[in-house]
Amino acid sequence: MTEVFGIDPLIIKNEYYIEYRHSYGKTSPFFENLSKGKIMATKCEHCNKTFMPPRADCPYCLRETKWVEISGKGKIHTFSTMYFAGEKFLKDVPFYLAYVELEGVDTLLLTRIKTKEPEKLKIGMKIKLKIARDLEWRASDIWAEPDE
Ligand SMILES: [Zn+2]
């Protein structure tokens, strides 16, 4: 039986479930290493560029990249406050998303910033990536926290 929450406009309860089977393919080592406490990026030895998020193949020369461990330290390039979110993060609203510049990495990483003092967030602030204790094998298994 359909559960009706409102008439004008009509609002009903609608169950929605989709199971995904997602392969990380060549980037699987990223998640495997998170379980060992290591944050890995990929590096093209031909172009001397390091990618995070990792890329299995270099976007410049198309050669296969190599895995390299990074410190996870860096700084905020830019950030924004999120007042809306998908279901997984609704309980955390407002939260903070940032592009971060990581030591030894040539690309920006989009990640969450977790902090108890959001008023202190600023561009250029030092951060360090953290790894979840209970991995879900998702990008949300890592995030940044202030490192000052
Ligand atoms: Zn390359």
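Atom set for the values below is all heavy atoms of this structure, side chains included, hydrogens, waters and symmetry mates excluded.
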F95 and F89 aromatic ring geometry - parallel, tilted or perpendicular at 30°/60° bounds: tilted
Nearest non-hydrogen partners of [X] and [Y], listed with the distance:
X: W67; Y: K26; result: CZ2-O, 3.4 Å
X: G25; Y: S28; result: O-OG, 2.8 Å
X: L90; Y: A85; result: CD2-O, 3.7 Å
X: C47; Y: C58; result: SG-SG, 3.8 Å
X: E69; Y: K38; result: OE2-CG, 3.5 Å

What I'd like to find out is whether the side chain of [X] reaches to under 4.5 Å of the side chain of [Y], using heavy atoms alone.
X: T42; Y: T50; answer: no
X: L108; Y: M52; answer: no
X: I142; Y: L109; answer: yes
X: Y96; Y: P118; answer: yes
X: M125; Y: K120; answer: yes

Do NZ/NE/NH1/NH2 and the carboxylate oxygens of [X] and [Y] come within less than 4.0 Å?
X: D92; Y: R112; answer: yes
X: E136; Y: K88; answer: yes
X: E19; Y: R21; answer: yes

Take a 6.0 Å sphere around [atom1] of [X] and say whether it holds more than 12 heavy atoms from other residues, nucleotides or ligands.
X: E15; atom1: CD; answer: no
X: K91; atom1: NZ; answer: yes
X: F5; atom1: CZ; answer: yes

Once you round to the nearest 0.5 Å, how far does [atom1] of [X] lie from [atom2] of [Y]?
X: K126; Y: E103; atom1: NZ; atom2: CD; result: 8.5 Å
X: I7; Y: I12; atom1: CD1; atom2: CD1; result: 11.0 Å
X: I127; Y: T115; atom1: CD1; atom2: OG1; result: 12.0 Å
X: R55; Y: T27; atom1: CZ; atom2: OG1; result: 11.0 Å
X: I39; Y: D141; atom1: CD1; atom2: CG; result: 11.0 Å
X: D134; Y: S35; atom1: CG; atom2: OG; result: 12.5 Å

Chi angles and distances behind the ring pair (Phe, Tyr, Trp, His ring centres under 6.0 Å) call for Y24, F31: CA-CA 9 Å; Y24 288 110; F31 291 97; 4.3 Å; yes
According to a 4.5 Å side-chain heavy-atom criterion applied to Ile, Leu, Val, Met, Phe, Trp and Tyr, with indirect links allowed, do [X] and [Y] form part of one hydrophobic cluster?
X: I11; Y: Y16; value: no
X: I131; Y: V105; value: yes
X: M40; Y: I70; value: yes
X: Y99; Y: L97; value: yes
X: M82; Y: I113; value: no

Stacked cation flag K130 on W143, 6.0 angstrom / 45 deg: no
Test salt bridge (Lys or Arg N to Asp or Glu O under 4.0 Å) applied to D147 and K75, step by step: CA-CA 9 Å; D147 190 33; K75 61 184 180 181; over 6 Å; no
Does any N or O in the side chain of [X] come within less than 3.5 Å of the main-chain N or O of [Y], such that one atom is a donor and the other an acceptor?
X: N33; Y: F30; result: no
X: T65; Y: A56; result: yes
X: K128; Y: S71; result: yes

